[in-house]
Each structure stands twice: as structure tokens, then as C-alpha cells.
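Heads up: the structure comes next, in C-alpha cells.
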Amino acid sequence: GPLFRWRSPDGSSILAFRCGSDGANAYSQQVGKDIYDFGHQLDKMPHDMMMLYGVSNHGGAPTKQAIADIKAAAADAGKSFDVAFSAAESFSAAQDPDSLPVFQGELMVRAYGVFVNHTEVKRNNRLGEYALANAEKFALLAECLAGRPYPRDKLTAAWQDLLFNQFHDIIGGASVEAAYSDARDLHGRARQSAAETLHYSLQTMACDIDTDVAGFPLVVWNPNAFDLTAGIEAELQWAWEFPWYAGDLKVTDPEGRVLPCQIIQEKSALPRFRSRFVFHDTIPSLGYHVYTVTQESQPMVPSDFPTSKTTQLASRRFLVDINPQTGCIASVFDNLLDREVMQAAGLPRVLEDQGDTWAFNTTEGYGADLGGFQLESMQLVEQGPVRTLLRTRLRCNDSTMEQDLILYHESDVIEGRFRVHWREKRRVLKLYFDACVNDPAVTAGIPYGAIARPADGREQPAGEWLDLGAGDWGVALLTDSVFGYDVRDARVGLTLLRAPIHAHYGHPDISHQIDPAGDYVHLEQGVRSGIWQILPHAGDWRKAQTPRRAMGLNNPVITLDEGAHPGSRPRAASFLQVRAESTLVTVMKKAEEGDDIVLRLVEYAGQAGRVELRLPAIGAEFDMTIKPHAIMTLRLESHKGYQPRVVNILEE
């Protein structure tokens with residue numbers, strides 16, 4: 001029925017009313033008639049009913065006629081039910097929640113189009129959320145450590161820009177084309193404000209770090225509240241008084257150890273004027289390392305890393321066979337797990353899509369498989385002491401795709417970076433991964449949690465990760481710009497993009513008549529890019545800390561080229577340490593009002609545990625118990641020595 005209790009994974013529940021069901025008309029356009037049709041059903045209902053009225057569902061006001069009809073019905077003495085103007089809060093307070101049915105699970109996952117439409121606006125939203133959260137963290141640290149005023153008003157304005165674009169048709173990719181110029185501008189303003197706040201804060205703190213080294217200092221910051229191990233790419237521009245340089249580089253960590261370093265192609269086309277390089281290391285939780293880069297050959301580094309060729313990539317952890325006909329992965333063997341973990345990974349396929357923008361006019365999902373891409377070239381671009389990179393170029397009709405397959409010798413993931421120039425219309429581009437798992441347990445990342453889903457082939461919304469469990473092991477897919485997927489058996493289809501007409505509200509009987517002259521603009525025409533990673537692991541996704549790994553991909557390290565100068569701060573530091581089995585700190589900022597500090601903790605694995613927190617910047621240290629699936633907001637009260645108090649999400 002329309003009124004029920006929705007139960008969350010932690011066991012709590014809220015009252016929910018489903019508009020548009022069982023006569024509960026949503027935004028009625030015939031209020032006078034519908035009131036009576038509606039009211040006659042009340043005899044069969046164990047509770048009151050709520051009727052929403054107004055013009056459409058986008059903030060349209062009630063009409064004068066609707067108000068007159070409601071008043072007339074309320075005054076009608078012959079009816080068998082009461083009619084009253086009210087509000088959702090008053091309606092809810094008058095019901096008996098204990099007498100209502102309870103539902104636990106996902107709601108509204110049928111109209112799958114809005115899960116994946118317009119990846120640019122979705123990705124900009126994700127980038128904006130991380131950028132603003134990072135700006136808050138480091139602005140708070142800059143105030144605590146260096147006295148730089150916290151820019152509360154600037155951050156508030158940037159959040160408002162970002163949140164406006166979370167309106168359901170904008171972020172759902174269902175608006176007309178022109179709306180996305182405005183959305184892009186709002187996202188740009190929010191991200192630019194975040195970047196200014198972030199870098200002013202980082203530079204304020206970097207001014208007091210001891211970077212007085214014999215070489216070029218590189219400060220690498222970790223914006224996450226956990227240690228992050230990753231490949232780190234950086235680029236330096238040599239000062240004018242130096243001769244142009246094309247030689248080797250040496251990278252030294254804060255303790256003086258020389259790290260394997262590999263020269264890669266610089267972003268600019270100014271050879272020998274700039275150098276780009278990659279190395280692999282661990283940056284401490286919400287902290288930094290100062291590296292020294294010098295223009296000289298590294299000392300002899302171990303050369304026992306496996307060699308690769310175009311048809312087989314190798315690292316210490318993986319052996320990856322490449323299909324010479326497709327340029328995609330044909331097999332992944334994991335040396336640590338001693339098993340084949342995946343086949344046919346990163347394989348692009350094109351599917352027919354007759355759905356409208358929302359996919360309202362279809363219940364069958366996407367159409368026939370129209371084929372894949374033709375391999376045009378395959379080249380081993382990089383092979384060195386840090387990583388191997390294989391680049392493939394593929395074509396489908398007028399569309400092209402470039403995909404880099406990357407193996408870091410010291411990493412436990414296989415990385416793919418794709419760049420698609422899409423010119424197909426009413427087509428879907430999927431990227432397929434065949435896991436070597438029988439009857440997998442499928443778990444998907446969702447905001448601040450995870451959910452189990454069946455491997456039934458239905459299109460589903462995607463968070464930052466997806467895991468296929470096989471009991472004592474499993475394989476996860478981590479992504480930074482994929483927002484929909486399907487799983488059938490053990491085959492995952494990541495939805496990279498779809499191309500319906502902008503704002504096409506279709507009907508099955510007339511969809512084939514839409515746009516015979518090709519006058520409408522289709523979604524996703526142009527260039528799209530992103531990253532995926534394959535993470536095989538022992539145990540289940542909880543033991544593998546898959547949510548943490550996905551956050552590390554989506555919120556990577558920040559590199560800062562810094563001048564050489566003395567300072568009172570060390571060359572390595574951490575400003576927040578968290579000891580917890582399955583809890584992440586997602587927010588650290590100044591309170592919206594006053595001088596208190598706010599932390600937000602999320603328990604993602606459904607298990608209670610102890611959390612120990614240490615914030616040396618303010619001299620605070622405490623521990624607590626967190627409940628399964630909890631979203632816990634702590635307010636550290638400045639007038640009480642920053643002792644924590646649990647508050648709600650509004651910080652009350």
C-alpha cells in the first residue's frame with residue numbers, strides 16, 4: 001500500500017508515503033474529481049491518505065481552481081470522509097506506525113536511464129563533493145596550524161552551487177541540452193572555489209615545512225583519513241637558468257631512501273623543458289610526504305621485475321594475457337591467490353537502445369548486441385621499474401576508443417584508463433568483465449554503505465565499486481566515472497555511456513517516429529574518459545576493505561611543487577589517525593556555527609566495533625564504539641577541550 005515503514009540496514013525505520021499508488025494521486029490535475037475518487041477508497045484503508053496537488057512535480061504552485069475545489073469538497077456535508085488542508089508532518093504525526101507494513105530494500109530502481117545518462121554531470125558532481133570535502137579538511141588544518149581564517153561563507157556558497165545541480169532531472173541527465181551549460185558553469189564555480197580554498201590552505205601549511213633539500217622538493221598530500229598506497233605521477237618544470245634536461249631523475253623519500261622512478265610522457269609538448277615521472281609509495285593518513293627530485297641517475301634499482309610484451313603483461317602479482325584480435329584482456333592469473341581470477345576484462349561492446357531518456361518506455365532493458373570495436377593498433381608504451389603500460393586504439397563506425405592497461409609492479413590492482421570519442425546515437429557502450437567466480441555474491445557500493453544485489457542481468461545504479469564474492473576470495477571492480485552496470489552470472493557489464501535524445505519522454509507506440517530527420521541532439525556525443533581497476537582479494541569485500549580502496553581511487557593524492565626553504569614542520573606528517581576495522585571518516589570541517597569541529601564517521605560493513613581517533617593538530621585523542629551501518633556525526637566542542645559529542649547530521 002501507499003503508506004508503510006521503510007527499514008534501513010541498521011534496523012531503524014521511517015514513515016514513507018508512496019505518491020501515485022493505489023489512488024494516491026501525485027500532483028493531480030483534476031483535483032475536484034480525484035478527491036471523491038480518492039475518498040471512496042478510505043473505507044478500505046487502515047489509515048488516512050494524503051493527496052498532493054499542484055502543477056507538475058517541479059515546484060509548480062497550486063491553481064486557483066484546485067484550491068476552490070478543495071474548499072468545496074471540505075464543505076460538502078454529504079460525503080462520507082473528511083477533507084482538510086494539511087502538511088506531510090501533520091499527516092505523519094496522526095498515523096499509527098506500529099500498524100503499518102515494513103519494507104526493507106531498494107526503492108525506485110526501474111527507470112534506469114537516469115542512473116547512467118550524461119556521465120559528465122554525474123562525474124562533475126562526484127569531483128565537486130570530494131573537492132569541497134577536501135577543501136574543508138585542509139582549511140580547518142590551515143586555521144588550526146597556521147592561523148589562516150576558515151572561509152565558511154565561501155565554502156557554503158560553493159556547496160549551494162553543487163547541491164543545486166543535484167536536482168533530479170539535472171543530475172539524472174534528463175534535462176534539455178541547454179541546461180547542461182548552466183550545470184557545467186555551476187559545477188565549475190563550485191570546484192574552482194574548492195580548489196582555491198584547498199591550495200591556499202596547502203600552501204599556507206607548506207610554507208612551514210622543512211623543504212630545504214639539495215634538489216627540487218615535491219610535497220605529496222593524502223586527503224583521505226587512511227594511509228594511501230598508490231602510483232604517484234608528478235611533473236616538474238626546470239628553471240630557466242638550467243639547461244634543457246632529458247636525463248634520468250632520482251626520487252628520494254623523507255627518510256632518504258631512493259625509490260624506483262620511471263620517466264613517462266609529459267603532459268606538455270615541450271620536451272626537455274619539463275619532466276614527468278611516476279613512482280609508487282604510501283602517504284600517511286590525512287598527511288604528506290616531502291620527496292626530493294634531482295637531475296641524476298638513480299642508484300642501481302632492482303631489475304628483477306618481470307618483462308612484458310604486447311600479448312602478455314607481467315608484474316610480481318599478476319600475469320595478464322592480451323587477446324591479439326581485440327586488444328583486451330583475455331585472462332588474469334593472480335600469483336598470490338594462485339588462480340585465474342578473470343577473463344575477457346575491459347571488453348567494449350555496443351548495444352541497441354530504444355529507451356527514452358528515462359527508459360520509461362521499456363521494461364526489457366537494452367536491445368541486441370551490435371558488436372564490438374575493431375583493433376587498430378596495440379603498443380607497449382611504457383616498461384620500467386615502476387609500471388608497464390599497454391595502449392590500444394579501437395574503432396566502431398565513426399567512434400574511437402583508446403584504452404591503457406597499466407600494471408604497477410608493487411600494486412595489487414590492474415588499472416585501465418579509457419578515452420572514448422562517441423558519435424553513435426541510441427546506442428549503449430558497455431565494458432565487460434568475466435570473473436572466474438561460480439554463483440557470485442554481488443555487493444555494490446552505495447553512498448555511505450553497501451547493498452547485496454542479485455546477478456540477474458538488470459541494469460542497476462553504480463557507486464564507486466562492485467564486488468563479486470566467491471566465499472574465501474573475490475574480485476572487485478573500482479571505478480571513478482561509471483554510474484550503471486549489470487551482472488548476469490559472473491559477467492559484469494559496466495555502462496560507460498548511452499545516447500538517447502535529450503529530454504525525450506517516449507511512448508512505446510510513437511518512439512520509432514521520433515526524430516526522422518535527425519534534428520534532435522543526442523546525449524554523450526563527444527569525448528568521455530575514466531578509470532577502472534580490478535582488485536582480486538582473499539576473503540570477502542569487508543576484509544579487502546573495498547570501500548576504502550574505491551575512495552582512494554576517487555580521491556587521489558595531491559602533488560604540490562614547493563620551493564626549497566627551512567621550516568619548523570617535518571618532512572612527513574599525519575594530521576588524523578583512525579584505528580578502526582570498517583569505519584571511514586568522510587568529513588572533517590568547522591561547524592556551520594561557532595568554533596567547534598565536526599567529524600562524520602561511516603561504518604560500512606555492518607559490524608559494531610571500536611574506533612580510535614587522534615587529531616594532533618588540536619591535541620585531541622578519544623575512542624568510542626560505533627554501531628553497525630552507523631552514520632555518526634561528532635561535534636568536538638572547542639570550549640570543552642574538543643571533547644566529542646554525538647549530534648545529528650544538522651550538527652544539532
Next on the checklist: A quick test of your reading: do over 12 heavy atoms of other residues, nucleotides or ligands sit less than 6.0 Å from OH of Y200?
Outcome noted: no

Checklist entry - Is it true that atom CZ of R7 has more than 12 heavy atoms of other residues, nucleotides or ligands lying nearer than 6.0 Å? => result no

Next on the checklist: Does F164 form a side chain to side chain contact (heavy atoms under 4.5 Å, CB included) with I170? I'd like the steps, not just the answer.
Outcome noted: CA-CA 9 Å; F164 183 90; I170 296 175; 4.1 Å; yes

Checklist entry - Would you say the side-chain atoms of T443 pair up with the backbone N or O of D467, donor to acceptor, closer than 3.5 Å? => result no

Checklist outcome for this item: When every non-hydrogen atom of G113 is compared with those of A359, the smallest separation belongs to N-CB, 3.8 Å

Checklist entry - Mind checking whether V647 and E652 have side chains closer than 4.5 Å, heavy atoms only? => result no

Next on the checklist: Evaluate R152 against E143 for salt bridge (Lys or Arg N to Asp or Glu O under 4.0 Å), listing each step before the verdict.
Outcome noted: CA-CA 12 Å; R152 183 184 277 125; E143 181 179 73; over 6 Å; no

Checklist entry - Under the salt bridge (charged side-chain N to carboxylate O under 4.0 Å, His left out) test, which residues partner D185, sequence neighbours left out? => result none

Item to check | Residues D34 and Q30: side-chain donor-acceptor under 3.5 angstrom | outcome: no

Checklist outcome for this item: Of all heavy-atom pairs linking P348 and G346, the shortest is CD-O, 3.3 Å

Checklist entry - Measuring from L141:CG to L202:CG, what's the distance to the nearest 0.5 Å? => result 9.5 Å

Next on the checklist: So, taking the atom named CZ in R600 and the one named CE in M588, what distance separates them when rounded to the nearest 0.5 Å?
Outcome noted: 13.5 Å

Item to check | Evaluation steps, side chain to side chain contact (heavy atoms under 4.5 Å, CB included), between M632 and V611 | outcome: CA-CA 11 Å; M632 178 186 288; V611 180; over 6 Å; no

Checklist entry - How many angstroms lie between CZ in F17 and CG in L3, if you round to the nearest 0.5 Å? => result 6.5 Å

Checklist entry - Hey, mind stepping through S582 and Q545 against side chain to side chain donor-acceptor pair (under 3.5 Å) and telling me if it holds? => result CA-CA 7 Å; S582 55; Q545 298 183 324; over 6 Å; no

Next on the checklist: Can you tell me how far apart CG (L429) and CD (E424) are? Round to the nearest 0.5 Å.
Outcome noted: 9.5 Å

Checklist entry - What's the verdict on side chain to side chain contact (heavy atoms under 4.5 Å, CB included) for L634 and L601, showing C-alpha distance, side-chain angles and the deciding distance? => result CA-CA 8 Å; L634 299 177; L601 287 65; 3.9 Å; yes

Item to check | Rounded distance (nearest 0.5 Å) linking atom CG of L478 with atom CZ of R548 | outcome: 14.0 Å

Checklist entry - Side chains of T633 and E651: is there a donor and an acceptor less than 3.5 Å apart? => result no

Item to check | D356 side chain to W358 backbone, donor-acceptor under 3.5 Å | outcome: yes

Item to check | Note, L127 side chain near H187 side chain (heavy atom, < 4.5 Å) | outcome: no

Checklist entry - Checking R542 side chain against A605 main chain: does a donor-acceptor pair fall under 3.5 Å? => result yes

Checklist entry - With side chains defined as the heavy atoms from C-beta onward, is the minimum distance between L163 and Q166 less than 4.5 Å? => result yes

Item to check | Plane angle bin for W541 and Y604 - parallel if under 30°, tilted between 30 and 60°, otherwise perpendicular | outcome: tilted

Item to check | Side chains of F373 and V350 in contact at under 4.5 Å (non-hydrogen atoms) | outcome: yes

Item to check | Proximity of Y180 and H118 rings by center, below 6.0 Å | outcome: yes

Item to check | Qualifying residue for side chain to side chain donor-acceptor pair (under 3.5 Å) with D353, from R427, K425, R498, R426 | outcome: R498

Item to check | Check: L132 main-chain N/O paired with E129 side-chain donor or acceptor under 3.5 Å | outcome: no

Item to check | Atom pair CG (L576) and CG (L615), whose distance is rounded to the nearest 0.5 Å | outcome: 5.0 Å

Next on the checklist: Regarding K267 and E233, does a basic nitrogen lie under 4.0 Å from an acidic carboxylate oxygen?
Outcome noted: no

Checklist entry - Hey, are D596 and S638 close enough side-chain-wise for a donor-acceptor pair under 3.5 Å? => result yes

Next on the checklist: If we ignore hydrogens and angles and just use 3.5 Å, is the side chain of K122 paired with the main-chain N or O of N117 as donor and acceptor?
Outcome noted: yes

Checklist entry - Going through the checks in order, is the side chain to side chain contact (heavy atoms under 4.5 Å, CB included) test met by L477 and I534? => result CA-CA 5 Å; L477 290 173; I534 300 171; 3.9 Å; yes

Item to check | Donor-acceptor contact present, side-chain N555 to main-chain M551, <3.5 Å | outcome: no

Checklist entry - Taking the six-membered ring for Trp, are the ring centroids of Y288 and W221 within less than 6.0 Å of each other? => result yes

Item to check | Taking every non-hydrogen atom, the tightest pair across E136 and L155 | outcome: CG-CD1, 4.0 Å

Checklist entry - Are there more than 12 heavy atoms of other residues, nucleotides or ligands under 6.0 Å from atom CZ of R126? => result yes

Checklist entry - Can you tell me if R123 uses its side chain to pair, donor with acceptor, with the backbone of S529 under 3.5 Å? => result yes

Checklist entry - Taking the six-membered ring of Y112, is NZ or CZ of R458 closer than 6.0 Å to its centre and within 45° of its axis? => result no

Checklist entry - Does the side chain of L496 come within less than 4.5 Å of W422's, by heavy atoms? => result no

Next on the checklist: Donor-acceptor pair, distance only, cut-off 3.5 Å: does the side chain of N222 make one with the backbone of F226?
Outcome noted: yes

Next on the checklist: Does Y520, at its OH atom, have more than 12 non-hydrogen atoms belonging to other residues, nucleotides or ligands within less than 6.0 Å?
Outcome noted: no

Next on the checklist: Are R453 and V487 packed together at the side-chain level, in the sense that at least one heavy-atom pair is separated by less than 4.5 angstrom?
Outcome noted: no

Next on the checklist: Please find the pair of heavy atoms, one from N554 and one from D480, that lie closest to each other, and give the distance.
Outcome noted: OD1-CA, 3.2 Å

Checklist entry - Does the separation of the ring centres of F433 and Y485 fall below 6.0 angstrom? => result no

Checklist entry - Should L228 and V557 count as side-chain neighbours, where that means a heavy-atom distance under 4.5 Å? => result yes

Checklist entry - Ignoring hydrogens and geometry, is there a side-chain-to-backbone donor-acceptor pair from W6 to G105 under 3.5 Å? => result yes

Checklist entry - Just by distance, with hydrogens left out, do R191 and N124 show a side-chain donor and acceptor under 3.5 Å apart? => result yes

Item to check | Heavy-atom pair of closest approach, residues E603 and T583 | outcome: CG-OG1, 3.8 Å

Checklist entry - Where the side chain of T357 meets the backbone of V114, is there a donor-acceptor pair that is under 3.5 Å apart? => result no

Checklist entry - Looking only at heavy atoms, which two atoms of I597 and C144 are closest? And how far apart? => result CD1-SG, 4.5 Å

Checklist entry - Does some side-chain heavy atom of I171 sit less than 4.5 Å from a side-chain heavy atom of H168? => result no

Checklist entry - Which residues satisfy the salt bridge (charged side-chain N to carboxylate O under 4.0 Å, His left out) test with R349, sequence neighbours excluded? => result D369

